[in-house]
Amino acid sequence: MRIGITGHRGLSSEVAEQVRASLAARVEALDTTELVAVSCIADGPDAWWAEVALDAGAKLEVVIPATEYRAGLPNWHHAEYDQLLSRATDVHRTGLTESTSEAHQAGSEILVRLSDHLLAVWDGKPARGFGGTADVVSYAREVGVPVTILWPDGASR
C-alpha cells in the first residue's frame with residue numbers, strides 16, 4: 001500500500017500533537033512491511049508522516065517539487081529534511097527549479113499519482129493559495145485516489 005500525505009503547515013502545538021498521534025495510529029493499523037509512505041517532507045504533517053512510517057519499518061518515497069524547494073522551507077527544518085531525504089528509497093522530481101505554488105501543485109500531483117490512498121491533514125476550508133491542501137485533495141478526488149481527512153475535532157489553524 002502506497003499512502004501519500006498532504007497537510008497544513010504551521011499548526012499550533014496542540015493541534016500538531018493530535019495530528020501526530022493520529023498519524024501514529026494510522027501506521028499501527030497497517031502492515032508496514034508493505035507500506036510505502038509518499039511525502040514532500042516539508043515541515044509539519046509531511047515530515048511527521050515520513051518519520052512515523054520509517055520508524056515503524058515502512059519505506060519512504062520523496063517528491064521534490066523544485067530544485068529550490070528545500071531553501072524555501074524554514075531553516076530549523078533543514079536538518080530533518082536532509083535526514084529524511086537520505087532515508088528515501090526513491091526520489092521523484094518535477095524538473096522545475098523555482099519553489100513556486102505551481103511547483104508545489106505539480107509535486108503534489110506526482111505524489112497523488114504515486115499513491116493508492118491520500119491522507120489529508122485539512123481543516124476543510126479552501127486553499128489560501130494555489131497548490132494548498134484543498135487543491136491537492138480536489139486533485140486526488142478528481143483522479144480517483146481515495147482521501148482520508150485527518151483533522152482534530154474543534155481544531156483551528
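Every value quoted in this text rests on a predicted model; they were computed, and no experiment measured them.
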Which atoms form the tightest heavy-atom contact between Leu114 and Arg2, and what is the distance? O-NE, 2.6 Å

If I take atom NZ from residue Lys125 and atom OG from residue Ser156, how far apart are they, to the nearest 0.5 angstrom? 7.0 Å

Here the gap from Ile5 atom CD1 to Leu111 atom CG, rounded to the nearest 0.5 Å, amounts to 9.0 Å

In terms of hydrophobic clusters joined by side-chain contacts under 4.5 Å, are Leu150 and Leu35 together? yes

Do the side chains of Phe130 and Leu96 join up, straight or via other hydrophobic residues, at under 4.5 Å, putting them in one cluster? no

Any chance you could measure Ser22, atom OG, to Glu17, atom CD, to the nearest 0.5 Å? 12.5 Å

As an exercise, state the distance from CD of Glu61 to SG of Cys40, rounded to the nearest 0.5 Å. 12.0 Å

Do side-chain atoms of Thr94 reach the backbone of Pro65 as a donor and acceptor pair under 3.5 angstrom? yes

State plainly whether one hydrophobic cluster holds both Leu84 and Trp48, where clusters connect Ile, Leu, Val, Met, Phe, Trp and Tyr through side-chain heavy atoms under 4.5 angstrom apart. no

Taking Asp123's backbone N and O only, do any of them form a donor-acceptor pair with His8's side chain (distance below 3.5 Å, no angle check)? yes

In terms of hydrophobic clusters joined by side-chain contacts under 4.5 Å, are Leu54 and Val38 together? no

ILVMFWY cluster, Trp122 and Val143 together (side-chain gap under 4.5 Å): yes

Considering all heavy atoms, the nearest Ala66-Ala103 contact: CB-CB, 4.1 Å

I would like to know whether Arg70 and Asp82 meet side-chain contact (heavy atoms from CB on, under 4.5 Å); could you show each step before the answer? CA-CA 9 Å; Arg70 179 186 180 273; Asp82 294 343; 2.7 Å; yes

Check whether more than 12 heavy atoms from other residues, nucleotides or ligands sit under 6.0 Å from atom CD of Glu98, and answer yes or no. no

Ionic contact status for Lys59 with Asp90, cut-off 4.0 Å: no

Ser39 side chain vs Asp46 backbone, donor-acceptor pair below 3.5 Å: yes

Below 4.5 Å, heavy atoms only, C-beta onward: do Val15 and Val121 meet side chain to side chain? no

Nearest heavy-atom approach of Val136 to Gly131 is CG2-O, 4.1 Å

Here the pair of heavy atoms bringing Ala50 nearest to Leu60 is CB-CD1, 3.7 Å

So Tyr69 and His104, side-chain contact (heavy atoms from CB on, under 4.5 Å) or not? Walk me through it. CA-CA 9 Å; Tyr69 179 67; His104 297 176; 3.9 Å; yes

Would you check if Thr6 and Val112 make a side-chain contact, meaning some heavy-atom pair closer than 4.5 Å? no

Just so I know, are the side chains of Thr32 and Val27 near enough to count as touching, which here means a heavy-atom distance under 4.5 Å? yes

When every non-hydrogen atom of Ala16 is compared with those of Leu11, the smallest separation belongs to N-CB, 4.3 Å

Looking only at non-hydrogen atoms, find the nearest pair between Gly129 and Asp135 and report the distance. O-OD2, 3.6 Å

Quick one, Ile3 with Arg26, criterion side-chain contact (heavy atoms from CB on, under 4.5 Å). Give me CA distance, side-chain angles, the key distance, then yes/no. CA-CA 10 Å; Ile3 302 178; Arg26 291 274 168 194; over 6 Å; no

CD-OG distance between Gln18 and Ser12, expressed to the nearest 0.5 angstrom: 8.0 Å

Is there a side-chain contact between Asp43 and Trp76 (heavy atoms, below 4.5 Å)? yes

Checking Trp151 side chain against Ala155 main chain: does a donor-acceptor pair fall under 3.5 Å? yes

Verify side-chain contact (heavy atoms from CB on, under 4.5 Å) between Arg9 and Leu73, making sure each step is shown before the conclusion. CA-CA 11 Å; Arg9 296 167 55 201; Leu73 298 172; 3.9 Å; yes

